[in-house]
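Here's the structure, in structure tokens; my notes come after.
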Amino acid sequence: MLPNTAATKQRSSRRSSTSRLKSPTMTTLFLISATAVLFSTSTTTTSTLPLFAMADGGADDQDADNNNYYYGGNGDDDNTSYNNKKYFDDQYSAENPYAADGSILYWTDFAIFPKRCVSWNGVDQIKFDMYEKSYKHCSDSPMGTYLTPVSTFVNAYLNQLTTNAADEGYEDYEVPEVAAAYAQCGQGPQVNGVQYYYQVGCSDTNPLALAINIYEDNTCTTPSEVDGYDDSNLQIDLNLPFQKCTPCVVWMDKNDDEVDDQYYVNKQKNAPLCSNAWAEKEDCSGSCNRKTGYSIKEGWNKADKVLLTILTLFGFGMCISIVSKRQKMSHKDALLEQAAISAAGLQQSHILGSFGLLILIIIVFALLGLKKITWALLLMLNIVLFAYLMKLTVDGSVKETVIGPDGKIVPDVDSDEEDDYDEEDDEGDYQNPTLPPRQTELPEIA
């Protein structure tokens, strides 16, 4: 009878395994391999603990005091809880700064760029861009362009200044008094029995500056305007960082002994300027962005008007001098100038027409309040007039010198300043010959 093959193979296998384990070398290798497998399994389980803890914690509680969400455990082991929390904060703030509801939880990598102060829908507001990567210094594409009320932005900026001062250890820091007093609508002076109110807002003359505006009601919604301006004589003592890339989180040099464990986490979460401006923001895209591109009230201030008058009078004076010198221009110089104009393919009427058109364009831009292009065109026009006037002056003062074959200077007979000779003083030594007396009697004929 044949033996059971399967049972024979199992017994043979057990005997073979037993014989292998009886070898000292094989027994040592087996123990080392088993230890390595157990260590690898334990490490994998420990490293994945924070990830599971975050998944189990849920998104119901955003508070830093809730250990189930941030710490990843039940709070029995303090060291494990703190390490898991630190791991979570590092990963969350670096890779995903947003909370579950879409709000920004960590402001570490964000930056704000205040652009200008504008008036939109009857409210003075700060127009700003928000950037997700502050290390690029606002050189990349922004998240968007937004508006927030001036009062909200000023309050947020004052809180940011106070936070920075406290972080640097300045215990005696005081916020700007006027800006803090009128960041919200406040009582102003009485004029002729009428009560007025003050609130910080946009400057009427500079879109990159603030001013204390005057209002007729205690809610600061009805401005008190005179000739279209509502700025008061009260000077504001605060300058916002317009046209500057400002990081939302400003780090200070701190020793680890000076701060507690929550300092760095709270620093990333508490950004007064960015968080408040973001919370009260209004999207400014499309027509809003176009219409608030520049301030219509920018206009010409007193200094601009004085300089504009000086440049205009200077140009007008040069035009009169040019006309006067052209009238005294010699015929030869006039022909040479006409030949140069013809060689360029132009006529004198073309030059005069372009000159008049340029003056008209400058006047239109000045009336529209486009200061930069008006200054550029006016300066260019004055430079051209000054250069042509200098040319006429030099050409009129320099005479052409002609040297003859004998090395002597030949006088310019074509010159307009040719001397008149006096015939009586320049007769010379020549005398007419004496003719014999004329016979008056006829000879006799024989």
Side-chain angles (χ1 to χ4, degrees), residues 113-129 145-158 176-186 188-189 191 196-217 220-244 246 277 284 288-313 361-379:
F113 187 84
K115 303 181 72 172
R116 62 180 64 241
C117 192
V118 300
S119 179
W120 182 250
N121 292 333
V123 179
D124 287 352
Q125 306 195 54
I126 301 297
K127 182 179 180 181
F128 67 94
D129 291 340
T145 301
Y146 309 98
L147 296 175
T148 192
V150 173
S151 59
T152 300
F153 201 94
V154 169
N155 276 320
Y157 188 63
L158 292 176
E177 182 179 358
V178 176
Y182 297 107
Q184 302 297 331
C185 188
V191 179
Y196 292 94
Y197 298 86
Y198 284 161
Q199 187 177 15
V200 64
C202 298
S203 173
D204 290 328
T205 58
N206 187 1
L208 304 181
L210 300 178
I212 303 298
N213 295 337
I214 307 175
Y215 294 89
E216 298 178 355
D217 58 327
C220 293
T221 56
T222 305
S224 177
E225 297 183 351
V226 177
D227 296 333
Y229 296 91
D230 60 354
D231 288 356
S232 68
N233 295 326
L234 185 61
Q235 297 297 323
I236 192 169
D237 50 359
L238 178 68
N239 293 321
L240 294 182
F242 287 113
Q243 302 296 318
K244 292 181 181 179
T246 304
C284 184
C288 171
N289 195 20
R290 291 192 302 270
K291 293 180 180 180
T292 59
Y294 63 91
S295 176
I296 298 179
K297 288 185 177 181
E298 188 173 352
W300 301 91
N301 54 36
K302 293 182 179 180
D304 294 335
K305 293 179 181 179
V306 171
L307 184 57
L308 189 65
T309 302
I310 293 175
L311 290 177
T312 303
L313 293 177
I361 292 175
I362 293 175
I363 294 174
V364 172
F365 285 159
L367 294 177
L368 292 176
L370 303 178
K371 298 169 65 172
K372 292 183 178 180
I373 191 171
T374 302
W375 289 127
L377 293 177
L378 188 58
L379 287 174

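Along the sequence shown, residues carry numbers from 1. Both backbone and side-chain heavy atoms feed into the values below; hydrogens, waters and symmetry mates do not. The structure presented is a predicted model; accordingly, all values stated were derived computationally and were not measured.
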So, does [X] use its side chain to make a donor-acceptor pair with the main chain of [Y] at under 3.5 Å?
X      : Y      : answer
Asp124 : Val150 : no
Asn239 : Ala209 : no
Asn155 : Ala183 : no

Are the side chains of [X] and [Y] in touch, meaning some heavy atoms are under 4.5 Å apart?
X      : Y      : answer
Phe242 : Cys117 : yes
Tyr157 : Pro114 : no
Leu238 : Val178 : no
Thr152 : Gln125 : no
Asn213 : Asp231 : yes

Any idea which heavy atoms bring [X] and [Y] closest together, and the distance?
X      : Y      : answer
Asp217 : Tyr197 : O-CD1, 3.2 Å
Gln243 : Lys115 : NE2-O, 2.5 Å
Ala211 : Ser203 : CB-CA, 3.8 Å
Phe128 : Ala277 : CZ-O, 3.8 Å
Leu210 : Ile236 : O-CG2, 3.6 Å
Thr374 : Ala366 : OG1-N, 3.4 Å

Distance, nearest 0.5 Å, that separates [atom1] of [X] from [atom2] of [Y]:
X      : Y      : atom1 : atom2 : value
Arg116 : Asn206 : CZ    : CG    : 9.5 Å
Glu225 : Tyr215 : CD    : OH    : 9.5 Å
Cys284 : Arg290 : SG    : CZ    : 10.0 Å
Asp304 : Thr309 : CG    : OG1   : 10.5 Å
Phe113 : Lys244 : CZ    : NZ    : 10.5 Å
Thr221 : Glu216 : OG1   : CD    : 9.5 Å

### Query
Is there a side chain to side chain contact (heavy atoms under 4.5 Å, CB included) between Ile126 and Leu147 once you walk through the steps?
CA-CA 6 Å; Ile126 301 297; Leu147 296 175; over 6 Å; no

### Within 6.0 angstrom of Asn121 CG, more than 12 heavy atoms from elsewhere
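Yes.
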
### Task
Show the numbers, then the answer: is there a side chain to side chain contact (heavy atoms under 4.5 Å, CB included) between Lys291 and Val118?
CA-CA 10 Å; Lys291 293 180 180 180; Val118 300; over 6 Å; no

### Task
Check the angle between the aromatic planes of Tyr198 and Tyr182 and answer parallel, tilted or perpendicular using the 30° and 60° thresholds.
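It falls in the perpendicular class, over 60°.
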
### Query
Among Thr292, Asp129, Asn289, whose side chain to side chain donor-acceptor pair (under 3.5 Å) with Thr145 holds?
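Output: one option passes, namely Asp129.
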
